[in-house]
Amino acid sequence: MLLLSKISAIVPYSYEWFVHRRGVMTGSNMSPICAPEGIGVGAMTYIRNKVYEKITGHTTEKNITSDDIIWGIDNEPIGLEEWRIKEGYFDLQREKHIIYSERYSVTPDGLAIKNEKLMFLKDGSELNCETCEIKCFPTPSRHMAHVECETPNDIFKLNKPLFWQVISQVKWCGVRYGHAIFFHPDFDVESPYRLSSVKFDVIDPALKEYFTLFDKRTKEAERIFEQKLNYRKPVK
């Protein structure tokens, strides 16, 4: 279950949120780090960029607003609410920034709750919730291809960044289930292409090797990060 102390008071997509991301590796960028062949060029580029951010305080991220991003901002809340009702969840808290460690953080699009409301109690309390990552692809063919995914492995084959993003949310939030959700408002409510989801279960035997790889690669990335951060610093 998710420790409430891990849920940050930082508002997602606020100035403070963007500042916090400087020098912190995030769930949406785990794909190159988790490449089966090891920490390669893409992962090293990301790690070095994050070390640069940590040292200088300057961001390497490009905050570009596109039509696709605006489409997602408009439609993700609609899709999440339809999914919550369809799946029978009691509550869904949106955009909770989770600080996992000094080096990693993640911002799920939602925390789905079966039988209790999200209440911030004393430090050490836990929340029985599930993570949600929703994608509203405006391109019909891309959306439909994701809807046709039935298992996490299908998503792995189609969209590795999304796969590792959901894995990171499940791991760093400490929950059992994570959901990849797909929504397109142009389809009728009766159409199977309007709304779908794929559940990730941390104890699913088919995902065991991926979680093991994720743990190995993130530890390796953190070790490399520390080496770069302390490059040529005198040993005390």
Side-chain angles (χ1 to χ4, degrees), residues 1-2 7 12-13 26-31 66-98 105-115 117-118 127-204 206-207 210-211 214:
M1 290 190 287
L2 173 60
I7 302 177
Y13 311 110
T26 62
S28 58
N29 292 285
M30 287 298 104
S31 185
S66 66
D67 290 342
D68 287 3
I69 292 174
I70 294 173
W71 170 275
I73 291 172
D74 290 342
N75 288 291
E76 286 177 6
I78 300 171
L80 281 171
E81 180 63 12
E82 287 194 16
W83 178 84
R84 182 192 70 79
I85 294 172
K86 176 184 176 182
E87 298 297 327
Y89 285 90
F90 175 75
D91 194 8
L92 196 148
Q93 296 291 320
R94 294 193 60 228
E95 299 172 347
K96 294 298 179 182
H97 182 53
I98 313 299
S105 68
V106 68
T107 306
D109 288 322
L111 298 175
I113 303 161
K114 282 285 188 182
N115 300 310
K117 289 185 176 180
L118 179 59
L127 175 68
N128 185 15
C129 64
E130 302 168 16
T131 62
C132 302
E133 182 63 31
I134 186 167
K135 300 298 182 185
C136 298
F137 301 115
T139 306
S141 60
R142 190 180 185 198
H143 166 75
M144 294 167 72
H146 284 79
V147 167
E148 291 162 8
C149 291
E150 297 183 354
T151 68
N153 194 53
D154 292 338
I155 294 179
F156 179 80
K157 295 175 182 177
L158 179 65
N159 189 334
K160 287 181 177 60
L162 172 59
F163 177 89
W164 290 115
Q165 186 176 14
V166 178
I167 291 286
S168 68
Q169 291 177 0
V170 171
K171 284 291 295 184
W172 295 344
C173 291
V175 300
R176 176 171 176 179
Y177 300 115
H179 303 271
I181 304 167
F182 310 106
F183 174 72
H184 198 297
D186 288 355
F187 287 97
D188 186 84
V189 292
E190 301 298 327
S191 172
Y193 279 115
R194 180 179 176 87
L195 176 69
S196 74
S197 63
V198 173
K199 179 183 282 189
F200 288 60
D201 185 343
V202 74
I203 66 171
D204 181 356
L207 292 177
Y210 294 110
F211 280 111
F214 181 83

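Just so it is clear, the model here is predicted, and its values are computed rather than measured.
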Examine distances only and state if a side-chain atom of [X] and a backbone atom of [Y] form a donor-acceptor pair shorter than 3.5 Å.
X	Y	result
R194	D186	no
N75	G72	no
W71	C136	yes
H184	P138	yes

What I'd like to find out is whether the side chain of [X] reaches to under 4.5 Å of the side chain of [Y], using heavy atoms alone.
X	Y	value
L207	V202	no
I181	L80	yes
Q169	F200	no
C149	L158	yes
M144	F182	no
S28	P161	no
T131	V170	yes
F214	W164	yes

Which of parallel (below 30°), tilted (30 to 60°) and perpendicular (above 60°) describes Y210 and F156?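 Ring orientation, 0 to 90° scale: tilted.
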For R176, is there an ion pair with D201 - N to carboxylate O distance below 4.0 angstrom?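 Yes, charged N to carboxylate O under 4.0 Å.
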Assess whether a salt bridge exists between R84 and E82, defined as any Lys/Arg side-chain N lying under 4.0 Å from an Asp/Glu carboxylate O.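 The answer is no: the pair does not qualify as a salt bridge.
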Polar side chain donor-acceptor pair, Y193 to D188, under 3.5 angstrom: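 No.
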Do I98 and L2 pass the side chain to side chain contact (heavy atoms under 4.5 Å, CB included) test, and can you show the C-alpha distance, the side-chain angles, and the key distance before you say yes or no? CA-CA 9 Å; I98 313 299; L2 173 60; 4.0 Å; yes
Please list, chain by chain and in numerical order, all residues satisfying ring-ring contact (aromatic ring centres under 6.0 Å, His included) with F183, sequence neighbours excluded.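 With neighbours one apart ignored, the set is empty.
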Minimum heavy-atom distance W83-C132, with the two atoms named: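 Residues W83 and C132, closest heavy atoms: CZ3-SG, 3.6 Å.
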Which pair of heavy atoms, one from P12 and one from E95, lies closest together, and at what distance?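 Where P12 meets E95 most closely, the heavy atoms are CG-O, 2.7 Å.
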Applying side chain to side chain contact (heavy atoms under 4.5 Å, CB included), can you list everything that pairs with D74, at least two apart in sequence or on another chain?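 D74 satisfies side chain to side chain contact (heavy atoms under 4.5 Å, CB included) with I70 once adjacent residues are dropped.
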Could you walk me through whether Q165 and I167 pass the side chain to side chain contact (heavy atoms under 4.5 Å, CB included) test, one step at a time? CA-CA 5 Å; Q165 186 176 14; I167 291 286; over 6 Å; no
Go through S197 and H179 one step at a time and tell me if the side chain to side chain donor-acceptor pair (under 3.5 Å) criterion holds. CA-CA 6 Å; S197 63; H179 303 271; 4.9 Å; no
Is there a side chain to side chain contact (heavy atoms under 4.5 Å, CB included) between E130 and V175? Walk through the geometry before answering. CA-CA 6 Å; E130 302 168 16; V175 300; 5.6 Å; no
